[in-house]
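Step one of this worksheet: look at the structure below.
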Amino acid sequence: VEPDPAERVRMLARGDVDLVQEVKPELAVEVERAPGCRLLASEGLLVEYIRLRRDPKPSSDPRVARAIDLAADREALVRDQHRGHALPMGQLVGRQVFGYAPGLEPPRRNLAEARRLLAEAGFAGGFDADLELREGRSAGVLVAQLAEAGIHVRPLARPWSEMHQRLQEGEVAFYLGGVLAGSADASDVFDSKVHSRATVEGYGDTNFNGFADRELDRMIEDSATTMDMLQRRAQLQAVMRRVVEDRALIPLTSPYTLFGIRDDVVNAGAGGHSHGTQGLLDLYTIRHYKRDFGGLVVAIVGDILHSRVA
């Protein structure tokens, strides 16, 4: 296993390997330029966010959270930090996740309103804060954006073992992190990061910022017992809208998953978005039983948006 991302790309270009996972955005152009190689990008499940602890000032004031939300330029984060290989986010899951709320778009940057909100909250001159993050995550573009609104943050990158310990102990007031809906269901996020801690077993395990909303807790728990999938999706979407409104977490971007691959490698399938071999099997089955494709009507049964088998 080669730990150096740049060396992995060089190995791909030399033909030493056929596939490289997790290509860094700054190295994507090297893959695209390498003879016999191509770059594959797919929407990922990770969403980067800002989390504010709810007890200390200034982050305890909801106007400060709103100001931070409006000071962030998500389009610029996609362009300058991710080199175009990401999506601006207005919620905590992407389109491929069950519970995604259509119409919940990223807020447009508004520095004037951000400064007004800070002044109204008693911080007309802005304020200074430490922005903690795990090593390997980038914050430079965001730091510059917040400074334009008067929010001067010092990024402090820590090893994950240290960062996680500080989060668990409630020592982090201002955090830049990432959340992953690993099963492609929004409850992965709500159950652990949004629901109140220590109220119901299995909930709130990673709610490290002291956020608590009893009505949200009830909505999250109700969605877990709903058997009708359309009703449950509507419940999760309602939870998402309330989470975004309350700014329990402030979503920023969703980085693409990037792969470098040799041109002579055929994609046999990847995650929930492309399964070439399955398509070939479907065509073979139709041909075996029908012989001729002419005049056929093919019905696709299943959740086309979220399922890789439909």
Side-chain angles (χ1 to χ4, degrees), residues 1-50 72-97 100 105-106 109 131 133-146 155 157-160 163 176-182 184 250-277 279 305 308:
V1 178
E2 174 54 58
D4 181 11
E7 179 57 26
R8 291 201 297 268
V9 170
R10 288 191 288 267
M11 291 171 66
L12 178 73
R14 292 195 302 264
D16 297 341
V17 297
D18 294 318
L19 174 70
V20 174
Q21 295 179 305
E22 299 180 356
V23 174
K24 297 288 187 182
E26 60 270 23
L27 296 173
V29 66
E30 301 299 326
V31 174
E32 294 173 318
R33 290 174 179 171
C37 300
R38 66 187 188 275
L39 183 74
L40 297 180
S42 65
E43 293 184 20
L45 295 174
L46 180 72
V47 174
E48 297 178 327
Y49 66 87
I50 293 173
D73 186 340
R74 292 161 174 83
E75 296 288 347
L77 285 171
V78 168
R79 183 187 65 243
D80 299 333
Q81 178 174 304
H82 295 287
R83 314 295 174 93
H85 299 293
L87 290 172
M89 296 300 292
Q91 55 188 295
L92 295 168
V93 299
R95 292 173 291 189
Q96 70 276 46
V97 173
Y100 171 83
E105 301 297 329
R109 194 186 199 205
L131 177 63
L133 62 157
R134 67 182 300 174
E135 288 181 340
R137 198 176 298 281
S138 300
V141 176
L142 178 64
V143 168
Q145 292 176 0
L146 296 180
R158 305 182 188 276
W160 177 240
M163 187 76 261
L176 174 63
V179 62
L180 183 72
I250 301 173
L252 297 172
T253 60
S254 179
Y256 291 157
T257 301
L258 300 178
F259 302 88
I261 189 170
R262 300 289 301 180
D263 283 341
D264 54 359
V265 175
V266 177
N267 177 21
H273 62 90
S274 60
H275 276 256
T277 51
L305 180 60
R308 65 186 181 213

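What you are looking at is a predicted structure, and each value in this text was computed from that prediction instead of being measured.
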**Asked** Between the side chains of Q81 and S138, is a donor N or O closer than 3.5 angstrom to an acceptor N or O?
**Response**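 Their side chains do not contain a donor-acceptor pair, so the 3.5 Å distance test is not met.
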List the atom of [X], the atom of [Y], and the distance in Å for their closest heavy-atom pair.
X	Y	result
G90	P251	C-CG, 3.6 Å
V31	G260	CG1-CA, 3.8 Å
Y49	L92	CB-CD2, 4.4 Å
C37	A13	SG-CA, 4.1 Å
P88	P106	O-CG, 3.5 Å
T253	M89	C-CG, 3.5 Å

**Asked** So R262 and V17, side-chain contact (heavy atoms from CB on, under 4.5 Å) or not? Walk me through it.
**Response** CA-CA 8 Å; R262 300 289 301 180; V17 297; over 6 Å; no
Just how far is it from atom [atom1] of [X] to atom [atom2] of [Y], taken to the nearest 0.5 Å?
X	Y	atom1	atom2	answer
D73	L252	CG	CG	11.0 Å
L133	W160	CG	CH2	11.0 Å
R74	H82	CZ	NE2	12.0 Å
E22	T257	CD	OG1	8.0 Å
L176	R134	CG	CZ	11.5 Å
M163	E135	CE	CD	11.0 Å

**Prompt:** Are any non-hydrogen side-chain atoms of L77 and Q145 less than 4.5 angstrom apart?
**Reply:** yes
**Message:** I'd like to check L142 versus L131 (side-chain heavy atoms, cut-off strictly below 4.5 Å). Are they in contact?
**Reply:** yes
**Asked** Taking the side chain from Q96 and the backbone from G44, do they hold a donor-acceptor pair closer than 3.5 Å?
**Response** yes
**Message:** Looking at L46, is its backbone amide N or carbonyl O close enough to the side chain of S254 to form a donor-acceptor pair, meaning the two atoms are under 3.5 Å apart?
**Reply:**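 Looks like yes, one N/O pair under 3.5 Å.
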**Request:** Taking only Lys NZ, Arg NE, NH1 and NH2, and the carboxylate oxygens of Asp or Glu, determine whether R38 and D263 approach each other closer than 4.0 Å.
**Result:** yes
**Asked** Do the charged groups of D16 and R10 touch, with an N to O distance under 4.0 Å?
**Response**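 Answer for the salt bridge query: no.
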**Message:** Under the criterion side-chain contact (heavy atoms from CB on, under 4.5 Å), I'd like the reasoning laid out for E43 against L87: C-alpha separation, chi angles, the key distance, then a yes or no.
**Reply:** CA-CA 8 Å; E43 293 184 20; L87 290 172; 3.6 Å; yes
**Item:** side-chain contact (heavy atoms from CB on, under 4.5 Å) assessment of L39 paired with F259
**Value:** CA-CA 6 Å; L39 183 74; F259 302 88; over 6 Å; no
**Prompt:** For R8 and Q21, what are the C-alpha separation, side-chain angles and deciding distance, and is it a side-chain contact (heavy atoms from CB on, under 4.5 Å)?
**Reply:** CA-CA 9 Å; R8 291 201 297 268; Q21 295 179 305; over 6 Å; no
